[in-house]
Amino acid sequence: MPRLTGIFEHFADIETISANDIAQWIRTPSQTTSVEDSLGNRILYPQTIAFKVEDLEMDFAILRELIGRHPEAFFNPLTKKIIIGEEYVTRFPPLTRLVTTLVEMLNPQGVIQAIVKSPSKMIQVATVIAPYQKAAVVNTGVLQTNINVMVNNKNMVLASGTITILPFKERHLKVKIGAENEILVAGGSLGLVLDLRSR
Amino acid sequence: MAWCWTCVAGNMDTQIILKANRRVRVIPNALTLVKRKLMGAGKILVSKNEEVKPQDIVGRSTPNAGFTSINIAKKLGVDPVEGGGYLKREIGKNIYEGELLALKTGFLGKQVITSPTDAVLEYYDRSTGELRMKLLSKEVPLPAGVNGIIEEVDSKNGEVFIKTLTTQIYGILGSGRERSGILDVLNGSAGLLNETKITSSLSGHVIVAGSIIYGDALRKAISLKLAGIIAGGMHFSEYKAIVGNLNQKQKQNIDIGISVVASEGFGPIPIGKDIFSILEKHEGSFVFIDGDNAMVSLPTATPGNILALRKTAIPVNTKPGGEIAGVSIKDITTGLAVRIIWPPFMGSVGKIISIDRVPTLLETGISTILVTIETAQQKLKVPYTNIEIVE
């Protein structure tokens, strides 16, 4: 008989995720048995939504583990696109946190489009830029803590080791990060996501 | 596979149709085929179409009782070779509990060994001093347990199938083969069971434990040979240790020596009032528990129903205990009986009294339609996605 399901039901190995794996992503984790029971109920009742903030923390922790185990469900390395199903946007607000989580866990490199996919359309919400070479954004022999970023001739200084979202909606953006060459990318409802973590 | 939408914030004049899973939890007075099975070799005493009452004996069996041993030489402080000489009953003879088994007299007085149980003296080992005793089998009567009509007799397998009426309760998860026993309600629906309440007097019984079956309580119940435990929840790790996989198709139906049924989910969750009130009413009754199908059957047939039972045919291919109640999708409307399936208030049962027309932004940032549910104690507002319809 058909029944309502939920996002996590796509992942057959969800019950193999350990409580420790989930707890590492939660700021104030509960006891191991509570984390395990929450995961079990999430599997039993996949259609339910997080009512309290701690529920959402738990859901994000599970999502992180699933992204790590099934990157192919979210990222196509050939087309360099992160595809976010519309149901994820409603289940894991805000969009900034969802995209940041995906970038953190997928760790893509280069220029990647982040797209929200609904049954009828695909909308680009952001361009993710993750420079390939750490050396390109540092001075010779010295690790820089701040990185110069120029977007459409607007200069800003960002901390290295971070993922930063810059709200640029324009379709044509000229971006130059540190000593890297200038590139032309599109913005989106979210804008530019700059992944300046060390590699 | 239908998706559950969290928010449809359209035109306020547009009627939004919201859906929820409908799960059958209680089927009252269902026509049921109950199986009664002999323990060990024995004889069926009834025949097809015979009427039976709960106390009627439908069969008798003498199950293999097993063996025990006593080290006679050690107890008497003698050499193993000599120990057999102090036996007061010959090998191959019966002996009964409390009777003189061995006697040694000496300067320091008498040393006496009595038989700990009813048994046959089987063999004395002169190298170890062990006396092996085969326990005497006792005839065990098999009561019908229900008012009903004998539908089928399988003498070869020692089984009797009785047509009767039962109220069937379906939980969310469980483990263990079909068992039966007297129902004891040890706790309130939200209570935590102290394992000291599990005593040997509950051997063969089915208990209602409250909000959770703890591992320690479960192990004690197994050792004291209880038939079953019903609770609101159990820990995920303990359940997985028993069944291996949550997926119903991949679940290993391993019997751990007891049948367990959890009515709500994982962790401590009060048993829903829709189920608990029925269990309370049947306290002291003979009930059937099927852990593998998460089902409890509570006989409801009375001698007055027998005529109606006789006129009603069991459908072909009906399995004992009935089919597993499934889950379907239903439109959410006011007046429906529902249960809350996510914290807070998980396990609460009530009726929908209103459905919001516009979505609410939760503290999580998720925007969704809330429904108002009236329980026996209070009114609760929860996301429509976090309920299941139970009628």
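Values below: every heavy atom of this structure, side chains too, minus hydrogens, waters and symmetry copies. In what follows, chains are A, B, ... by sequence order, proteins preceding strands, each numbered from 1.
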(request) Could you check if a side-chain atom of B:Asn386 sits within less than 4.5 angstrom of a side-chain atom of A:Tyr45, using non-hydrogen atoms only? (result) no

(message) Quick check for you: among B:Leu362, B:Ile269, B:Ile341, which has the greatest number of heavy-atom pairs under 4.5 Å with chain A?
(response) B:Ile341

(request) Check whether more than 12 heavy atoms from other residues, nucleotides or ligands sit under 6.0 Å from atom CG of A:Asp13, and answer yes or no. (result) yes

(message) Tell me the closest heavy-atom pair linking A:Pro93 and B:Thr364, and the distance in Å.
(response) CG-O, 3.4 Å

(request) Go through the atoms of A:Asp59 and report whether side chain, backbone, both or neither lie under 4.5 Å from a heavy atom of chain B. (result) neither

(request) Measure the NE2-OG1 distance between B:His235 and A:Thr32 for me, rounded to the nearest 0.5 Å. (result) 11.0 Å

(message) What part of B:Met234 gets within 4.5 angstrom of chain A, counting heavy atoms only: side chain, backbone, both, or neither?
(response) backbone

(request) Begin with the C-alpha distance, continue with both residues' side-chain angles, and end with the deciding distance and a verdict on side chain to side chain contact (heavy atoms under 4.5 Å, CB included) for B:Phe236 and A:Asn41. (result) CA-CA 8 Å; B:Phe236 183 48; A:Asn41 284 326; over 6 Å; no

(message) Restricting to side-chain hydrogen bond (donor to acceptor under 3.5 Å, both in side chains), what partner residues turn up for A:Gln113, sequence neighbours left out?
(response) A:Lys81, A:Gln124

(request) Could you tell me the separation between the CD atom of A:Glu15 and the OH atom of B:Tyr239, rounded to the nearest 0.5 Å? (result) 10.0 Å

(request) Pick one of side chain, backbone, both or neither for B:Glu388, based on which atoms fall under 4.5 Å of a heavy atom in chain A. (result) side chain

(request) Begin with the C-alpha distance, continue with both residues' side-chain angles, and end with the deciding distance and a verdict on side chain to side chain contact (heavy atoms under 4.5 Å, CB included) for A:Ile49 and B:Thr368. (result) CA-CA 9 Å; A:Ile49 60 172; B:Thr368 187; 3.7 Å; yes

(request) Test A:Arg42 against B:Trp342 for side chain to side chain contact (heavy atoms under 4.5 Å, CB included), laying out the working first. (result) CA-CA 9 Å; A:Arg42 175 49 74 224; B:Trp342 202 251; 3.3 Å; yes

(request) Sort A:Ser38 into side chain, backbone, both or neither according to what part of it lies under 4.5 angstrom from a heavy atom of chain B. (result) backbone

(message) If you count every heavy atom of other residues, nucleotides or ligands that lies below 6.0 Å from A:Gln31 atom CD, does the total exceed 12?
(response) no

(message) Within the 4.5 Å heavy-atom criterion, are A:Phe51 and B:Pro343 side-chain neighbours or not?
(response) no

(message) I'd like to verify something: which residue of B:Glu238, B:Arg339, B:Arg22 has the highest number of heavy-atom pairs under 4.5 Å with chain A?
(response) B:Arg339

(request) Check whether B:Lys330 gets within reach of chain A through its side chain, its backbone, both or neither, counting any heavy atom under 4.5 Å. (result) neither

(message) Are A:Thr48 and B:Ile387 packed together at the side-chain level, in the sense that at least one heavy-atom pair is separated by less than 4.5 angstrom?
(response) no

(request) Answer yes or no: is there a side-chain heavy-atom contact under 4.5 Å between B:Phe266 and A:Glu36? (result) no

(request) Using a cut-off of 6.0 Å, state whether more than 12 heavy atoms not belonging to A:Lys117 lie near its atom NZ. (result) no

(message) So B:Glu363 and A:Leu56, do their side chains get closer than 4.5 Å, heavy atoms only?
(response) no

